[in-house]
Number of protein chains: 2
Amino acid sequence: MKKKIKCFNSIKELIFNYKFFISKEIKIKGWVKHFRYNCFIIINDGSTINNLQIFIDKKFYSLVKKINIGISIEVIGVLVLSQGKEQNIEIYANKIKIIGKFSPEELQKTILQPKTHSFKKLREQAYLRFRTSIFSSILRIRHNISFSIHKFFFQKNFMYINTPIITTYDSEGAGEMFRVTNFDLKKIPLNEKGELNNNLDFFGTSTYLTVSGQLQGEAAASGLGKIYTFGPTFRAEKSNTFRHLSEFWMIEPEMSFSKLVHNMNFAEKLLKYVIKFVINNSYEDLFFLEKKNKRKIFKRLNNVLESSFERISYTNAIKILKSRKKVEFLQSINWGEDLKSEHEKFLAENYFNNPIIIYNYPLKIKPFYMRINNDNKTVAAMDIIFPYIGEIIGGSQREERYNVLLKRILELNLNIKSLWWYLNIRRFGSVPHSGFGLGFERLIQYITNIDNIKDVIPFPRYPNHAYF
Amino acid sequence: MKKKIKCFNSIKELIFNYKFFISKEIKIKGWVKHFRYNCFIIINDGSTINNLQIFIDKKFYSLVKKINIGISIEVIGVLVLSQGKEQNIEIYANKIKIIGKFSPEELQKTILQPKTHSFKKLREQAYLRFRTSIFSSILRIRHNISFSIHKFFFQKNFMYINTPIITTYDSEGAGEMFRVTNFDLKKIPLNEKGELNNNLDFFGTSTYLTVSGQLQGEAAASGLGKIYTFGPTFRAEKSNTFRHLSEFWMIEPEMSFSKLVHNMNFAEKLLKYVIKFVINNSYEDLFFLEKKNKRKIFKRLNNVLESSFERISYTNAIKILKSRKKVEFLQSINWGEDLKSEHEKFLAENYFNNPIIIYNYPLKIKPFYMRINNDNKTVAAMDIIFPYIGEIIGGSQREERYNVLLKRILELNLNIKSLWWYLNIRRFGSVPHSGFGLGFERLIQYITNIDNIKDVIPFPRYPNHAYF
């Protein structure tokens, strides 16, 4: 009779269920992470930061010569409690099968070789970095952040909406956009006047990659009540910094029958929920990153959980900044000007030492769709500023009054031809509504305390870089 | 002392919790759906297909004149059990506030007027159709399908991966792709030879919108073990049919250490989980659609749940099709040719009357990355065909042998310069792996039994159509 061997789908499942299988024969697969004293092989399969130790006795000594770090193997063996301090369990190998092998010389060329590589080096072999402890940790955390966001909105009865990626207009009225076209770029059709014949393009008009799903999100919320988007957005800015990507993911909730204060309350709840979820579900990966990168993670996250976000109007923020005689800012600040990151930094890190919400910004420095306050000088905007990272959320109550919005669109000389439908949302049963945008990668950066945004996304896109 | 009024965030929450608030004063908001006999106002807020009935007495008779369908109102009133058969509860209004009003004449112009509009008409006012019962039902179901997919993968320890939208190559080796560019289309830079100077474009090379995240997904799975993508994909095909969109969402799982049979098992589990989840969570919306559209929904869905997907090799499928002497196919079929939809239809609807999985397709009709079987004539591909809708999933075991894959890339004359890294995944610890693609909108179409794919996505994109 054939022996029954328990096959595990992943090391994570094995570790979770090991108590039921002690002294039983099991089968498990993974990539070789380390080798110790010719009697241990340590494997990992990406499901968890925890490795699995395989004990090999004499009968494998000829096989051992063929094994090097990075190759993939299948192991059948007996699960036992480990004597070592570093793990609960290990496997006494009965059978080892090499699946995918390569030479130690080839290993030298890759980031799979066991030493600390710079983040830059990892990025150069981005298609392989999923195999490294550090990047797989970051991506497992990314996964949990993503799921926690969907779960939170699901529980709160927000409908997930996919707003279009290909659009005909610029919702921010400012950002540089990528053109999407089906033209043969060597034979661009021009009309008699020498102008682009955009109506011959695929969509019968000029089209671009979206910079935000907000406007369509507002339309959806004006029927479904409460919605959120979670999708890719794009900026064709030539900035190559630690905080910018040309392609990044955004979460944009939009709530009907909701004013600025609800928006603030809700954003604070969302951020705290996500952080709690991630601490509970990614504890080991966060712990690994904290040790590996020698950066505080848990302390920062707990600070957010324990604090009540400080709320301060833009006008009062300016007052505080102007009253700090001892603080030398590189750039001075006056009412009506946008806060620079050094000002935000000072307020969040030094003055309040807390996440802060700054609200009621001057009308002139904010987009057209924000609701004008009674003072006619400010809009019902709010930005959430985190210590050490800066703005993490930007939102507002939206202008729901048809005539006020129309006046603003005309004043700013925006393209009414592409905004008519957005304006029309205010015509047929308009309601106060508000929402915000949360940059997904910025949030991951904050939670993982990773400096460069390019290291928290699988395949980063930025100027001159669309590799893999 | 001010009376305490319970404010509900949504009608869904009120209906869920009504038992605790009978005879209490509550506050609720929504859009007017109907009017009855001047003594009832029926409102809805998009959170559920269920409306809320507001009873109004004489004191509101002057207000009633200002009310018409579509406007938004806020109601304070006493929650009571309803005498009517159509609802459990209703509100005796104490106070009604009109939030956003507009005239009955304006109403006539919109799809908000209470009559049955064609799907085409709804699409023409896509920014307003979220307010209609039928489209809001479809989108609430879409939301639940989406969440069920994330939940299933989360439970199965698959990591959610965001593969890039902007890519440099065509992973299917066939599809027409949209170009993404930052060039001024009136001043395209050419080099001395009159060729496009693509290295001057934003990314230093020519870039396109992705047609699939599979290749990058394979890279991720080769480190994280099991992953899935769920993101937008694009086709620049000039097809305007009931089953095609230029922009649609895809789910693409990829599993390391996994062969074709696991792939089939897993796909079947996923589809059944999603359908079960949706029946449980969207029962009322599905019920509404079944009645409204006079289309079978529950019977079809239960058939899928109760059936075991029939598995049949391509070769056997051809044998069955050729042996049916009485069936007249428009197009004949021979071994080596791709099945046409009439053939798939016959097999799924007439022959098996069941979802079917056809596997081991001829090498020549499938993409380069599928694993070549020992017969050297077929590949380890699998398509899942549903009755009445056709192919819903296409997948395969991937070619994990470096030399075999290299040979295939060269034979097909594919661009090795953009595929080197994909090939390299097979160089450093290659493992058998497999995965599939599931078209999100096709799945929604099947579940909701909606004919046109344009009616299951908020803002459809297709040739000459990128409105809103």
Side-chain angles (χ1 to χ4, degrees), chain A residues 10 12 29 31 45-47 70-72 99-100 102 110 112 127 130-131 136 140 143 146-147 150 154 157 159-162 164-166 168 178-182 185-186 188 196 202-204 207 216 219-220 223-225 232 236 247 249 257 421 427-431 458-459 461 464 466 468, chain B residues 10 12 29 31 45-47 70-72 99-100 102 110 112 127 130-131 136 139 143 146-147 150 154 157 159-162 164-166 168 178-182 185-186 188 196 202-204 207 216 219-220 223-225 232 236 247 249 257 421 427-431 458-459 461 464 466 468:
Chain A
S10 68
K12 181 171 178 178
K29 295 156 193 173
W31 290 276
D45 67 357
S47 64
I71 71 165
S72 48
I99 301 176
F102 60 104
T110 74
L112 301 178
Y127 73 102
F130 302 98
R131 200 86 76 72
S136 66
R140 282 188 297 267
H143 161 71
S146 169
F147 186 71
H150 283 298
F154 186 83
N157 287 317
M159 302 294 140
Y160 180 45
I161 292 291
N162 298 121
I165 311 302
I166 298 172
T168 54
F178 289 106
R179 169 90 193 221
V180 175
T181 179
N182 205 24
L185 296 195
K186 282 190 283 189
I188 300 282
L196 274 183
F202 190 90
F203 292 105
T207 47
Q216 291 98 342
L224 294 166
E247 175 182 314
W249 287 66
F257 306 105
W421 62 270
R427 234 172 105 187
F428 308 109
S430 187
V431 297
F459 297 98
R461 266 74 180 110
N464 288 311
F468 313 110
Chain B
S10 68
K12 182 172 178 178
K29 296 155 192 172
W31 289 276
D45 66 359
S47 63
I71 71 165
S72 48
I99 302 176
F102 60 105
T110 75
L112 302 178
Y127 72 103
F130 303 97
R131 199 87 76 73
S136 65
L139 279 202
H143 161 71
S146 169
F147 186 72
H150 282 299
F154 185 82
N157 287 318
M159 301 295 141
Y160 180 46
I161 292 290
N162 297 120
I165 310 303
I166 298 172
T168 55
F178 290 106
R179 167 92 193 220
V180 175
T181 180
N182 206 24
L185 295 195
K186 281 190 284 189
I188 299 284
L196 273 184
F202 190 91
F203 292 105
T207 47
Q216 291 98 344
L224 294 167
E247 174 183 313
W249 288 65
F257 307 104
W421 63 270
R427 235 173 105 187
F428 308 110
S430 188
V431 297
F459 296 98
R461 266 71 180 113
N464 288 310
F468 312 111

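The analysis underlying the following values was restricted to heavy atoms, covering all of them including side chains, and did not include hydrogens, waters or symmetry mates. Per chain, numbering begins at 1; letters A, B, ... match sequence-line order.
With a 4.5 Å cut-off on non-hydrogen atoms, Ser146(B) touches chain A through its side chain but not through its backbone. Within the 4.5 angstrom heavy-atom criterion, only side-chain atoms of Trp249(A), from C-beta onward, approach chain B. Residue contact with chain B, scored on non-hydrogen atoms closer than 4.5 Å, involves the side chain of Glu247(A) exclusively.
Considering every non-hydrogen atom in both Phe468(B) and Pro164(A), the closest pair reads O-CG, 4.4 Å. Across every non-hydrogen atom of Thr168(A) and Ala466(B), the tightest pair is CG2-O, 3.3 Å. Closest approach of Ala219(A) to Phe130(B), counting heavy atoms only: O-CD1, 3.5 Å. Contact detail for Val431(B) and Ile99(A): the closest heavy-atom pair is CA-CG2, 4.2 Å.
Among the candidates Leu196(B), Ile188(B), Ile165(B), Asn182(B), the residue making the largest number of heavy-atom pairs closer than 4.5 Å to chain A is Ile165(B). Counting heavy-atom pairs closer than 4.5 Å to chain A, the top-ranked of the candidates Phe257(B), Phe459(B), Phe202(B) is Phe202(B). Per-residue heavy-atom pair counts under 4.5 Å with chain A were compared for Gly100(B), Gly223(B), Gly46(B), and the maximum is reached by Gly223(B).
Looking at residues two or more places apart in sequence or on another chain, you find a side chain to side chain donor-acceptor pair (under 3.5 Å) between Asn157(B) and Lys12(A). In this structure Ser136(A) satisfies the side-chain contact (heavy atoms from CB on, under 4.5 Å) test together with Arg140(A), Leu224(B), sequence neighbours excluded.
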Show the numbers, then the answer: is there a side chain to side chain contact (heavy atoms under 4.5 Å, CB included) between Arg427(B) and Phe102(A)? CA-CA 7 Å; Arg427(B) 235 173 105 187; Phe102(A) 60 104; over 6 Å; no
Any chance you could lay out the ring-ring contact (aromatic ring centres under 6.0 Å, His included) test for His143(A) and Phe154(B), step after step, and finish with the verdict? CA-CA 9 Å; His143(A) 161 71; Phe154(B) 185 82; 5.6 Å; yes
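How far CG of Leu185(A) is from CG of Leu185(B): 6.5 Å, rounded to the nearest 0.5 Å. How far CZ of Phe428(B) is from CD1 of Ile71(A): 14.0 Å, rounded to the nearest 0.5 Å.
Ring pair Phe178(A)/Phe178(B): centre-to-centre distance not below 6.0 Å.
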